[in-house]
Amino acid sequence: MSIKAQTPDQIRNTIAPKKLRKKYTFGHRISRATGYTILFLLTLSSIFPLVWMILMSLKDRSETYSGNFLPSKVTLSAYQFVFQNLDITRYLWNSVKITLITVAVVVFLATLSGYAFARINFPGRSLIFLILLSTLMLPGAVLIIPLFLQLSDLNLIDTHLGLILAYIGAGLPFSMFLMRSFFQTLPSELVDAGRIDGASEFGIFWNIMLPLARPGIATITIFQFMGTWNEFIFAATFIHDPLTRPLQPSLFAMVGRYSTNWPALTAALTISILPIVIVYVLMQKQFVAGLTTGAIKG
Amino acid sequence: MQTSSSLPQTDNRGKRPFFRITEPRRRALYGYLFILPTVLFFVMFIAFPFFRAIGISMTEWAGYDEPRFIGLNNFINMMGNRIFWIAMKNTFIFMLATTILQTIIPMLVAVLINAGWRGEVAYRTILFLPNIISLVVTGLLWRMIYDGNFGPLNNTLIALGLTGLKHQWLAEPGTVLPAIIVVSLWASLGFYMVIFFAGLQSIPPELYEVASIDGANTLQKFAHITVPMLWPVTTVVMIINIIGGIKVFDVVYVMTTGGPNHASEVLGTYLYVTAFGATGGGSPSMGYASAVGVVILILAMIGTAIQLRVTGRKTDVY
């Protein structure tokens with residue numbers, strides 16, 4: 001049996017005796033129809049801006065301000081323009097590089113420290129944990145100025161390394177917090193058994209706990225991936241060099257120069273979200289879990 | 001292979017006697033080793049910058065000259081600054097509006113979707129979709145949608161014969177903040193819906209069964225079962241909204257940079273523009289901007305304190 005949540009209809013059908021089951025009356029049909037209408041309108045308002053964006057990106061530049069919803073002639077010239085003139089491959093590559101390194105380091109360190117906070121006893125454990133935790137509510141706005149100065153001092157402005165270091169620092173506490181909670185749900189007997197077998201602490205972590213922690217790792221990977229890929233303000237502040245800049249601030253910078261070329265702008269926006277939307281549709285369940293776990297459990 | 005328990009014992013495997021280290025100590029050493037990188041990153045990129053921010057907030061400093069200690073003068077000046085209070089007011093309006101809208105609407109949508117429909121998964125997938133799109137893309141996209149001359153919103157209004165409702169949405173002081181609030185709702189609806197959805201799954205279906213037998217209608221069931229049972233989730237959603245509202249920055253910065261003429265200025269954009277001079281108006285002031293940051297921090301702390309009070313839980317909730 002799957003543990004998928006049942007809808008009230010299904011539950012009613014399984015639990016309620018047949019006599020109690022509602023007949024499909026006229027009023028019932030009306031309310032079903034209303035429900036479908038509302039759902040349709042809701043979904044439409046959710047997707048309409050994105051559909052409009054894609055349709056605009058397929059228009060010829062001359063048609064930008066025609067007010068037509070559908071392009072009169074579908075053309076990929078805007079995409080051609082974006083790839084040839086806007087250097088978007090470079091921005092994509094910068095973002096991929098920054099995101100992959102950040103996610104790899106955060107996931108490894110958060111898993112390692114989350115495990116230590118959950119399953120290894122050492123003096124000061126609770127205190128250190130609480131100090132790390134207390135920064136979860138720190139607004140990024142408070143850190144942006146001193147971080148900028150910090151990176152300037154280290155000569156790391158306009159470098160990927162500087163941005164990656166700042167991302168790791170900002171991302172670690174929350175991911176560590178989630179991993180610690182996850183490890184606490186795993187039976188501690190496994191750790192004890194490993195110790196009795198004479199495995200090293202790192203061996204226990206790597207060989208016994210890590211394979212079991214996969215769902216937790218998936219969660220923080222998606223969370224951290226989305227956070228880094230979509231991050232704007234650190235990237236815009238710490239990197240000004242157009243060659244080094246990742247995707248989000250580059251998109252923002254395009255508006256200044258191409259504010260009237262809507263097909264090119266929408267094509268760039270479409271390219272920027274396409275990889276993530278594809279992965280989202282394929283791994284929807286993990287995505288939703290990854291992005292909401294912190295909120296639900298926190 | 002050790003056969004004894006893992007309680008304190010000496011580890012004699014080939015160690016010199018004066019180097020003898022007890023098992024718990026050896027383990028603690030690994031504990032410290034495992035958390036060391038995380039703690040180092042924390043100190044370098046959170047703790048140290050944080051204290052530095054507090055320090056800078058008490059200086060007068062343009063960023064390139066020598067910082068001059070001026071005590072609490074930045075805060076005193078702030079209290080007399082007109083734009084600070086506009087930013088404060090707008091942040092409060094944004095926070096209040098998003099907290100109300102982004103709690104009630106996602107709750108209703110979650111309840112509606114949960115009622116069992118064909119294609120339920122598709123609705124949820126699409127409603128959550130805006131949440132995975134960056135706020136830069138969201139903001140830039142809606143800038144075009146709101147465009148006064150060629151945007152699809154005004155075009156639609158014209159097509160529907162509602163020409164009187166046409167606006168320069170992001171250029172008029174009266175419409176700019178509501179317009180941004182709508183974007184925030186669009187972007188986050190799916191996120192909060194999922195949280196409510198999780199809450200709905202934990203309501204025992206028997207409650208509805210009993211109510212049905214007692215002749216309760218849908219509205220009564222919603223008011224007397226769903227809403228009270230969802231209350232813990234609702235407070236969580238409200239708190240996330242309150243703290244998010246205090247910190248709001250990206251969406252406003254991308255759409256209007258606080259304009260027109262500060263009509264959508266919030267504390268986040270005020271801080272950023274003061275520090276990095278995005279509009280080019282006046283020389284950047286790191287000290288004053290850091291002081292604004294401290295105010296945001298204090299407000300966020302008050303929000304968190306309310307969270308702990310209202311939900312009655314410790315921070316460590318697992």
Side-chain angles (χ1 to χ4, degrees), chain A residues 5 7-9 11 15-16 35 38-39 42-43 46-47 49 52-53 65 67 109 112-113 116 120 122 132-133 135 137 139 141-143 145-147 150 165-166 168-169 172 176 181 184 192 195-196 198 201 226 230 232-233 248 251-252 255 262 269 272-273 276 280 284 288 292 295-297, chain B residues 1-2 6 27-28 30-32 34-35 37-38 41-42 44-46 49 52-53 109 112 115-117 123 125-128 130 132-137 140-141 144-145 150 152 155 191 194-195 198 201 205 209 240 247 249-250 254 268 271 275 286 289-290 293 296-297 300 304 315 317-318:
Chain A
T7 65
D9 270 357
I11 291 163
I15 297 177
I38 296 174
L39 271 179
L42 264 173
T43 318
S46 227
I47 197 104
W52 179 84
M53 173 180 82
Y65 302 133
L109 293 183
L112 194 62
S113 56
I120 301 179
F122 51 87
L132 290 177
L133 197 68
T135 59
M137 50 136 206
V142 180
L143 292 181
I145 296 169
L147 271 179
Q150 185 106 327
L165 289 175
I168 295 172
L172 261 176
M176 177 277 289
S181 320
Q184 283 178 334
D192 296 336
R195 282 181 186 144
I196 291 165
E201 289 296 323
M226 293 296 300
N230 286 342
F232 167 62
I233 200 59
Q248 304 299 338
L251 291 171
F252 186 63
V255 179
W262 281 11
L269 297 185
S272 83
I273 65 166
I276 290 194
Y280 163 68
Q284 206 214 117
V288 174
T292 53
I296 293 170
K297 304 225 170 134
Chain B
M1 191 159 156
Q2 290 164 287
S6 60
R27 216 176 280 162
Y30 271 99
Y32 291 125
F34 284 9
I35 66 164
T38 301
F41 268 106
F42 173 81
M44 282 282 289
F45 295 99
I46 294 183
R52 200 169 173 185
V109 173
L112 175 68
W117 309 88
Y123 299 127
T125 308
I126 293 173
L127 285 173
F128 193 80
I132 64 161
I133 294 167
S134 79
L135 285 174
V136 173
V137 175
L140 295 181
L141 176 57
M144 289 184 259
I145 290 172
F150 310 106
N155 283 344
F191 177 80
V194 167
I195 299 177
Q201 308 313 313
E209 282 304 318
I240 302 174
K247 294 188 202 172
F249 172 76
D250 292 49
V254 171
L271 175 151
M286 295 291 187
S290 295
I296 299 177
L297 173 71
T304 312
T315 343
V317 290
Y318 287 77

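Throughout, protein chains are lettered first and strands after them, A, B, ... in sequence-line order, and every chain is numbered starting at 1.
A:Q150 contributes no side-chain N or O that, together with a main-chain N or O of B:F45, makes up a donor-acceptor pair within less than 3.5 Å. Distance alone, capped at 3.5 Å, is enough to place a donor-acceptor pair between the A:Y280 side chain and the B:T125 backbone. With hydrogens and angles disregarded, no donor-acceptor distance shorter than 3.5 Å links the side chain of A:N230 to the backbone of B:L135.
In terms of non-hydrogen atom pairs under 4.5 Å with chain B, the most contact-rich of A:Q284, A:M53, A:M226 is A:Q284. Interface remark: of the candidates B:L127, B:I296, B:N155, B:L127 forms the most heavy-atom pairs closer than 4.5 Å to chain A. The candidate with the highest count of non-hydrogen atom pairs below 4.5 Å against chain B, out of A:A141, A:A166, A:P49, is A:P49. For the set A:L42, A:I273, A:I233, A:I47, the entry with the most heavy-atom pairs within less than 4.5 Å of chain B is A:I233.
The two residues A:L269 and B:L140 make their nearest non-hydrogen contact at CD2-CD1, 4.0 Å. Minimum heavy-atom separation, B:Y123 to A:L39: CE1-CD1, 3.5 Å. Between A:A116 and B:G31, the shortest heavy-atom distance links the atoms CB-O, 3.9 Å. The two residues A:G169 and B:I46 make their nearest non-hydrogen contact at O-CD1, 3.1 Å. Between A:W52 and B:M144 the shortest heavy-atom distance is CH2-CB, 3.7 Å. Looking at every heavy atom in both residues, A:L172 comes nearest to B:F41 through CD1-CB, 3.8 Å.
A:S113 places none of its side-chain heavy atoms less than 4.5 Å from the side chain of B:P37. The closest side-chain heavy-atom distance from A:F122 to B:I35 is below 4.5 Å.
Using a 4.5 Å cut-off between heavy atoms, B:F249 contacts chain A through its side chain alone, with no backbone atom that close. The part of A:V255 that comes within reach of chain B is its side chain, from C-beta onward, which places non-hydrogen atoms under 4.5 angstrom from that chain. Contact annotation for A:S272: only side-chain heavy atoms (C-beta onward) come within less than 4.5 Å of a heavy atom of chain B. Interface residue A:I276: backbone and side-chain heavy atoms are both found under 4.5 Å from chain B. With a threshold of 4.5 angstrom between heavy atoms, B:L141 approaches chain A through its backbone and through its side chain.
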* **Intermediate values then yes/no, side-chain contact (heavy atoms from CB on, under 4.5 Å), B:D250 and A:Q248** => CA-CA 11 Å; B:D250 292 49; A:Q248 304 299 338; over 6 Å; no
* Check step by step if side-chain contact (heavy atoms from CB on, under 4.5 Å) holds for B:L271 and A:I145. => CA-CA 9 Å; B:L271 175 151; A:I145 296 169; 4.3 Å; yes
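Residue A:L143 holds its CG atom at 12.0 Å from CZ of B:R52, rounded to the nearest 0.5 Å. How far CD1 of A:I38 is from CH2 of B:W117: 7.5 Å, rounded to the nearest 0.5 Å.
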